[in-house]
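What follows is a short report on a single structure.
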Amino acid sequence: TLAVYTGLGGALFLLSLHLQANLGYSALQAGLAFVPFTAIMLVLSGRMGALAQRTGPRALMTAGPLVAGVGLALLVLVVPGATYWGGVLPGILVFGLGMAMTVAPLTATVLAAVPAEYVGAASGANNAISRFATLLAVAVLPLAVGITDPSGASLQDGFGRAMLVSAALCVVGGAVAWAVATFLPERVATLTVLSTPHPTAMQWAMRHGGQWKNSWYMGAFQLPWLPERVLAGPRMRKLLTVVEDGLDRVEDTLARELRE
């Protein structure tokens, strides 16, 4: 999760900036450029999850990041003067295919790897790691490849290196998935997901709108090393709300800076 989502977050963030700063796209056009990626995820994720249940997650969790890495490597072709159809779209399509192959099997494997009472904790941890990876990529990747000015020549010069680094991270993720999947117990290898939300977490969520706002709540309310009276207490709820609001503000700030 950490490796793949670091590659994902850094690549999409810098690609959006690159399209606007060096290829003349408007903010709207840059956003629309990612529509095929979203469409592929919507159409194929469920099918890939079903396939993983029939064949086991190892193949898809290994091949998916590798395919995504190829897509990111193809984005090196996005240079000033490149057309959308010849420069941007091929990488977006291959990258989207790779992520569709990865996300559903990865999530299902995480949930299947724990007993039923800890499913929420696993979901929360996986979600937190993916968010952390995205923030880490946005903060570190530009500096690592020498991008010091998001609207200047350094972005143009460092963009290709950033895509290759992101591709390498995806390859690392595929290698780790292959190695880890070798030792999965049979229940996990066949994606027999044991899932029933913890009653305390469900009751709390129902009192706050009747729906899951975020996996953070499910995860934090099922930490096995804390007594239930602490998990369900007002201080824990306040802490989770503060953490959630902080993450939302970070995302809003990044989105606003990107638009500007």
Review point. Can you name the side-chain contact (heavy atoms from CB on, under 4.5 Å) partners of Leu28, sequence neighbours left out?
Key: Ser26, Leu32
Revision key, fill the gap. Between Pro36 and Ile92, the two heavy atoms sitting closest are CB-CG2, 4.1 Å
Check your understanding: Is Leu42 reachable from Phe95 through a run of hydrophobic residues whose side-chain heavy atoms are each under 4.5 Å from the next?
Key -> no
Exercise for review: Treat each ILVMFWY residue as a node, draw an edge where side-chain heavy atoms are under 4.5 Å apart, and state whether Val171 and Val4 are in one component.
Suggested key: no
Practice item. Please list, chain by chain and in numerical order, all residues satisfying ring pair (Phe, Tyr, Trp, His ring centres under 6.0 Å) with Tyr5, sequence neighbours excluded. Key: none
Point to revise | Heavy-atom side-chain proximity of Asn22 to Leu155 below 4.5 angstrom | key: yes
Point to revise | Gap between atom OG1 of Thr134 and atom CD1 of Ile129 - 0.5 Å precision | key: 12.0 Å
Check your understanding: Is there a path of hydrophobic side-chain contacts, each under 4.5 Å between heavy atoms of I, L, V, M, F, W or Y residues, that connects Val35 with Leu19?
Key -> no
Practice item. Report yes if some heavy atom in the side chain of Met101 is under 4.5 Å from a heavy atom in the side chain of Val67; otherwise report no. Key: yes
Review point. Can you list the residues that meet the side-chain hydrogen bond (donor to acceptor under 3.5 Å, both in side chains) rule with Thr1, with sequence neighbours excluded?
Key: Asn126
Point to revise | Closest contact, heavy atoms only, Ala104 versus Ser45 | key: CB-O, 3.5 Å
May I have the list of side-chain donor-acceptor pairs in residues 162-169 shorter than 3.5 Å, sequence neighbours left out?
residue : atom : partner : partner atom : Å
Ser166  : OG   : Ala162  : O            : 3.0

Exercise for review: Report yes or no: do Leu66 and Val76 belong to one cluster of Ile/Leu/Val/Met/Phe/Trp/Tyr joined by side chain heavy-atom distances under 4.5 Å?
Suggested key: no
Exercise for review: State plainly whether one hydrophobic cluster holds both Leu12 and Leu136, where clusters connect Ile, Leu, Val, Met, Phe, Trp and Tyr through side-chain heavy atoms under 4.5 angstrom apart.
Suggested key: no
Practice item. State, with a plain yes or no, whether a side-chain heavy atom of Leu2 is found less than 4.5 Å away from one of Phe132. Key: yes
Review point. Given side chains that start at C-beta, do those of Cys170 and Leu72 come closer than 4.5 Å, heavy atoms only?
Key: yes
**Study point:** Contact check, side chains of Leu141 and Phe13, non-hydrogen atoms, under 4.5 Å
**Key:** no
Practice item. Before giving the answer on side chain to side chain contact (heavy atoms under 4.5 Å, CB included), spell out for Met41 and Val103 the whole-Å C-alpha distance, their side-chain angles and the decisive distance to 0.1 Å. Key: CA-CA 9 Å; Met41 293 291 292; Val103 173; 3.8 Å; yes
**Study point:** Closest non-hydrogen atom pair, Leu74 against Pro90
**Key:** CD1-O, 4.2 Å
Practice item. With sequence neighbours excluded, tell me which residues meet side-chain contact (heavy atoms from CB on, under 4.5 Å) with Ile40. Key: Leu44, Leu93, Ala100
Check your understanding: Is the closest side-chain heavy-atom distance between Met99 and Leu8 below 4.5 Å?
Key -> yes
Check your understanding: Would you find a donor on one side and an acceptor on the other, under 3.5 Å apart, between the side chain of Arg131 and the backbone of Asn127?
Key -> no
Check your understanding: Of the non-hydrogen atoms in Gly87 and Ala82, which two are nearest, and what is the gap between them?
Key -> CA-CB, 4.4 Å
Point to revise | Non-hydrogen side-chain atoms of Leu17 and Phe159 separated by less than 4.5 Å | key: no
Exercise for review: Taking ring pair (Phe, Tyr, Trp, His ring centres under 6.0 Å) as the test, write out the residues that go with Tyr25, two or more places apart.
Suggested key: none
**Study point:** Which atom of Leu60 lies closest to which atom of Pro65, heavy atoms considered
**Key:** O-CD, 3.9 Å
Point to revise | Separation of Arg58 CZ from Thr109 OG1 (nearest 0.5 Å) | key: 12.0 Å
Review point. Looking only at heavy atoms, which two atoms of Met48 and Pro105 are closest? And how far apart?
Key: O-CG, 4.2 Å
